[in-house]
Amino acid sequence: MYYIGVDLGTSAVKLLLMREDSVIEKIVSREYPLYFPHPGWSEQSPEDWYEKTLEGIRALTEGIDSSLVAGIGIGGQMHGLVTLDEKDQVIRRAILWNDGRTGAETDYLNQEIGKERLSEYTANIAFAGFTAPKILWMQRHEPENFRKIQKIMLPKDYVAYRLTGSFATDFSDASGMLLLDVKNRRWSPEMLEICGIRKEQLPKLYESWEPIGTLKPEIVAVLGLSPEVKVVAGAGDNAAAAVGTGTVGDDACNLSLGTSGTIFISSGRFGVDANNALHSFAHADGGYHLMGCMLSAASCNKWWAEEILHTTDYGAEQALIQKPGENQVYFLPYLMGERSPHNNPDARGVFFGMSMDTTRADMTQAVLEGVAFGLRDSLEVARSLGLQIPRTKICGGGAKSPLWRTIIANVMNLQVDVPENEEGPALGGAMLAAVGCGAYPDVKTAAGKIVRVKETITPDPVLVEKYEQKYSRFRTLYPAMKSLF
């Protein structure tokens with residue numbers, strides 16, 4: 001049998017076809033546009049996600065016996081607000097995870113409702129990218145649209161709804177809405193009241209591997225798949241990526257260098273850090289996880305290379321870097337504001353320390369190191385909780401760079417395991433579909449049989465010490481500049 005995994009990303013949807021024996025038969029991707037109607041805003045059209053996903057599935061299954069496709073699992077960008085009216089029409093473009101318009105609403109939740117109450121209700125505090133502040137923004141700034149809302153969805157769940165007609169979400173993705181009582185895995189009645197919405201406007205909750213339905217007849221006709229294909233609830237992109245890298249069970253770690261950057265630590269136990277610097281979410285394996293998220297990671301390198309240097313040859317730019325750990329230029333990677341641990345949508349990117357002998361390579365190196373330092377900020381919070389994390393998996397587009405992997409290993413002082421398949425959320429989605437269809441008894445078993453490590457990067461003690469000194473200086477830059485943002 002075959003299983004389709006979908007990664008509904010910020011710039012494109014990526015899909016893969018996995019055989020039951022874990023061999024990946026084919027991978028395709030389809031891009032769609034991003035809209036920035038005002039500085040700091042970020043939107044997409046849900047219809048684009050749906051159309052490109054259908055297009056991708058058709059391309060993925062071309063030339064195979066489509067009757068052997070058994071299940072579909074979707075991993076998707078988290079936190080986005082998708083709203084439908086009584087006719088199931090999209091009311092407005094989706095407001096995305098990296099949108100920074102909700103500063104006032106985030107302040108209201110954290111300061112007037114209060115961080116302690118929010119943490120009690122949801123295990124988290126408000127961040128500008130979360131869904132609940134977006135709902136409040138819509139209520140305040142677009143009251144006519146707000147009154148039309150009949151269904152509130154997350155991005156991947158909109159695609160699943162169009163495929164199956166099932167109004168559903170999973171616990172991992174729902175955790176990032178600031179509407180879920182994460183500890184008890186239910187919608188928080190207090191948060192619904194605060195946001196002025198009803199439980200009926202929210203989807204039914206499922207574990208990530210649970211089937212939510214089968215394909216609608218009209219979708220079967222378009223795609224040529226069996227009407228028995230099961231669509232599982234899927235997962236938020238970071239939880240799906242963690243499944244795809246085998247980051248399940250207790251004290252496993254994964255770093256993701258995608259458009260955003262995350263550090264993801266899985267656990268069978270529910271837990272919250274005292275300052276809510278890390279997100280406390282449900283995991284796609286049925287347990288929980290702590291996660292730190294920076295809003296701009298590989299996107300920093302893409303911006304630097306393509307918009308500033310006007311090149312797409314990332315390898316050539318990185319080949320100029322000869323001395324990791326010896327650069328005097330620093331980069332604050334806050335191009336879209338920042339979430340963990342600063343929670344400041346007004347933060348911005350900064351280069352610091354340039355001189356007349358600063359080179360193009362120095363600037364590129366600073367970008368790569370700045371992202372690594374930003375991820376380490378969240379790792380330090382986890383370490384402050386007494387967590388002993390000796391190693392981590394790594395995934396995401398940025399993880400394809402050998403140099404960046406080396407920088408990460410030495411900045412973090414962690415063994416970095418590179419999975420054989422670096423397909424992250426798409427592979428995780430396919431694995432969840434396989435579990436949902438009964439090919440594996442549970443997510444942990446699937447991960448143990450499917451995920452293999454092809455390379456491990458071991459930190460160099462000399463380089464670790466150099467980066468320790470650089471990180472100490474990096475940590476002083478944000479506090480020094482915070483008032484200027």
Side-chain angles (χ1 to χ4, degrees), residues 8 73-82 96-97 106 109 115 117-135 152-157 160 168-192 194-195 197 199 202-210 212 232-243 247-248 254 256 260 262-273 276-293 295 339-340 343 378 381-382 425 428-429 432 443:
L8 191 74
I74 308 176
Q77 51 170 297
M78 297 177 69
H79 315 302
L81 175 62
V82 182
L96 301 190
W97 60 273
T106 303
L109 288 168
K115 293 181 179 181
R117 287 174 63 193
L118 293 178
S119 186
E120 178 187 343
Y121 298 154
T122 72
N124 295 278
I125 61 173
F127 288 79
F130 280 10
T131 316
K134 296 180 174 75
I135 294 170
I152 294 170
M153 298 182 180
L154 293 159
K156 78 172 190 336
D157 302 321
T169 193
D170 79 290
F171 291 109
S172 75
D173 211 1
S175 296
M177 297 179 78
L178 203 69
L179 299 173
L180 187 76
D181 176 351
V182 173
K183 181 179 182 180
N184 296 302
R185 292 171 116 82
R186 61 172 188 169
W187 295 120
S188 163
E190 296 89 352
M191 288 306 301
L192 269 59
I194 288 167
C195 292
I197 58 176
K199 186 177 179 180
L202 295 173
K204 184 178 178 181
L205 292 158
Y206 291 82
E207 294 290 355
S208 295
W209 63 87
E210 289 185 310
I212 62 169
V232 299
D237 52 3
N238 294 298
V243 171
T247 309
V248 298
N254 181 57
S256 177
S260 61
T262 60
I263 179 168
F264 185 111
I265 302 164
S266 68
S267 175
R269 305 172 303 279
F270 171 78
V272 182
D273 74 90
N276 295 104
L278 300 180
H279 308 324
S280 179
F281 289 169
H283 190 9
D285 66 354
Y288 298 92
H289 70 269
L290 293 173
M291 184 176 73
C293 179
L295 294 180
R339 190 184 295 174
S340 303
N343 193 14
S378 289
V381 175
L432 291 170
V443 176

Partner set under ring-ring contact (aromatic ring centres under 6.0 Å, His included) for H79, not counting sequence neighbours
F130
Between G75 and A240 the two heavy atoms that sit nearest each other are CA-CB, 4.0 Å
Would you call K156-D170 a salt bridge at under 4.0 Å N-O?
yes
Specify the closest pair of heavy atoms between L205 and R186, including all atoms of both residues, with the distance to one decimal.
CD1-CA, 3.9 Å
Would you confirm whether W209, through its side chain, and G73, through its main-chain N or O, come within 3.5 Å as a donor-acceptor pair?
no
Between CG of L432 and CG of D285, what distance do you get to the nearest 0.5 Å?
9.5 Å
Short side-chain to backbone donor-acceptor contact, S256 and T262, under 3.5 Å:
no
Return the CG to CD1 distance between L202 and I197, rounded to the nearest 0.5 Å.
4.5 Å
Side chain of H289, backbone of A282: donor and acceptor closer than 3.5 Å?
yes
Considering non-hydrogen atoms only, spot the tightest contact between G292 and S340 and give its length.
CA-OG, 3.6 Å
Between Y206 and V232, is there a donor-acceptor pair closer than 3.5 Å when you use the side chain of the first and the backbone of the second?
no
Worked check of side-chain contact (heavy atoms from CB on, under 4.5 Å) between Y288 and R269:
CA-CA 6 Å; Y288 298 92; R269 305 172 303 279; 6.0 Å; no
Smallest separation among heavy atoms of I135 and C195, with atom names:
CG2-O, 3.9 Å
Separation of K183 NZ from S188 OG (nearest 0.5 Å)
14.0 Å
Reported CE-to-CG distance for the pair M191 and L178, which is rounded to 0.5 angstrom:
4.0 Å
Might you point out which heavy atoms bring P425 and D237 nearest each other, and give the distance in Å?
CG-O, 3.6 Å
Start with the C-alpha gap between F281 and N238, add the side-chain angles, then the distance that decides, and say whether side-chain contact (heavy atoms from CB on, under 4.5 Å) holds.
CA-CA 11 Å; F281 289 169; N238 294 298; over 6 Å; no
Out of curiosity, L109 CG to R117 CZ, how far, rounded to the nearest 0.5 Å?
10.5 Å
So which of V381, N343, I125, T122 actually passes side chain to side chain contact (heavy atoms under 4.5 Å, CB included) with N276?
I125
What is the minimum heavy-atom distance between P133 and T106, and which atoms define it?
CB-OG1, 3.8 Å
With a 3.5 Å distance limit and no angle check, can you tell me whether K134 reaches the backbone of M177 through a side-chain donor-acceptor pair?
no
Checking L180 against W187 for the side-chain contact (heavy atoms from CB on, under 4.5 Å) test, could you report, in this order, the C-alpha distance in whole Å, the side-chain angles of both residues, the deciding distance, and whether it holds?
CA-CA 4 Å; L180 187 76; W187 295 120; 4.1 Å; yes
The reported gap from CG in L118 to CD in E190 (rounded to nearest 0.5 angstrom) is 11.0 Å
Flag, side chain of D173 to backbone of M78, donor-acceptor distance under 3.5 Å
no
Please step through side-chain contact (heavy atoms from CB on, under 4.5 Å) for the pair L295 and S260, ending with a clear verdict.
CA-CA 5 Å; L295 294 180; S260 61; 5.6 Å; no
